[in-house]
Amino acid sequence: MAEVQQFLRIFVDIVLWRRGPQDLPASSLLLALTVAAYIGVSVVQLALEGESAATWFFFVVIDPLLLAAWVWLVLRIFGHTERFLQAVSAVFGTGAVLGLLMYLPLQLLASGLGFEPTSGAAQTLGLLTVIVFALVTGRILKLATDTSLFTGIAAALTYFLIINFLVVALRGPGT
């Protein structure tokens with residue numbers, strides 16, 4: 001249990017920009033645990049939103065695979081694939097932490113206050129979460145690639161745009 005708390009502290013510190021992916025071990029087990037946590041948070045989000053089976057499949061299977069492949073590609077482009085386990089564990093771990101501590105509470109708050117998903121307030125909260133996720137993931141990629149924060153954020157936002165394009169294609173026009 002102490003090890004779990006230690007890793008949770010590291011992920012929270014990465015979110016708060018006090019630590020980076022280099023502070024995590026290069027461990028396949030840690031990667032598996034962070035992917036499981038990331039998927040677990042996604043499952044809770046999907047259940048709260050009442051999403052379709054196709055959307056469930058996309059976010060439980062396709063998104064984690066694409067995210068891992070994207071991190072590997074970014075590291076490959078910058079010549080740092082040896083940092084893959086640490087970087088991708090940091091991305092999945094902070095994604096789970098942010099989902100659990102920020103997105104889910106905001107989602108519950110918005111639905112509890114009766115905000116429709118298309119309302120300005122709900123969209124503002126959504127934009128806030130995108131900004132936070134982009135900053136955190138961008139910083140992880142910056143540190144893992146030895147590049148600028150701008151480059152890291154650009155890579156994070158590129159992934160976000162690709163995923164959103166795929167989700168829109170999956171759901172079809174007008175949804």
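Between Leu141 and Ala156 the shortest heavy-atom distance is CD1-N, 4.0 Å. Listed here is the closest heavy atom pair of Gln45 and Gln107: O-NE2, 3.5 Å. The shortest heavy-atom contact between Asp23 and Ile10 is O-CD1, 3.9 Å. Arg139 approaches Trp17 most closely through the heavy-atom pair CD-CD2, 3.0 Å. What you find for Ala68 and Phe84 is that their closest heavy atoms are O-CE1, 3.4 Å.
The shortest distance between side-chain heavy atoms of Leu24 and Leu85 does not fall below 4.5 Å. Leu75 is listed as a side-chain neighbour of Thr145, based on a closest heavy-atom distance under 4.5 Å. Between Trp72 and Val88, every side-chain heavy-atom pair lies at or beyond the 4.5 Å cut-off. Put simply, the side chain of Ile163 does not reach to within 4.5 Å of the side chain of Leu67, judged on heavy atoms. A heavy-atom distance below 4.5 Å is found between the side chains of Ile140 and Thr94. Using a 4.5 Å heavy-atom cutoff, the side chains of Tyr103 and Val41 are not in contact.
In the hydrophobic clustering (ILVMFWY side chains linked at under 4.5 Å, chained through shared members), Leu29 is joined by Leu33.
Between Leu66 atom CG and Phe59 atom CZ the span is 10.5 Å, to the nearest 0.5 Å. Between the CZ atom of Phe150 and the NZ atom of Lys142 there is a distance of 14.5 Å, given to the nearest 0.5 Å.
Under the ring-ring contact (aromatic ring centres under 6.0 Å, His included) criterion, the residue pairs touching residues 30-55 are Tyr38-Phe92, with sequence neighbours excluded.
Tracing side-chain contacts under 4.5 Å through hydrophobic residues (I, L, V, M, F, W, Y), one reaches Val61 starting from Val91; they form part of the same cluster. Hydrophobic clustering places Ile14 together with Leu135 (ILVMFWY residues linked when any side-chain heavy atoms are closer than 4.5 Å, directly or through intermediates). Side-chain heavy atoms closer than 4.5 Å link hydrophobic residues (I, L, V, M, F, W, Y) into clusters, and following such links, even through other members, never connects Leu127 to Leu104.
Without hydrogens or angle criteria, Ser89 side chain to Gln86 main chain gives no donor-acceptor distance under 3.5 Å. Thr137 places no side-chain N or O within 3.5 Å of a backbone atom of Ala134 that could act as its donor or acceptor partner. Distance alone, capped at 3.5 Å, is enough to place a donor-acceptor pair between the Thr124 side chain and the Gly120 backbone. Judged by distance alone, with hydrogens and angles left aside, the side-chain atoms of Trp70 form a donor-acceptor pair with the main-chain N or O of Ala155 at under 3.5 Å. A donor-acceptor contact shorter than 3.5 Å is absent between the side chain of Thr151 and the backbone of Thr147.
Remark: Arg76 CZ is loosely packed, at most 12 non-hydrogen atoms of other residues, nucleotides or ligands lying under 6.0 Å away.
Qualifying salt bridge (Lys or Arg N to Asp or Glu O under 4.0 Å) partners for Arg83, counting only residues two or more places apart in sequence or in other chains: Asp146.
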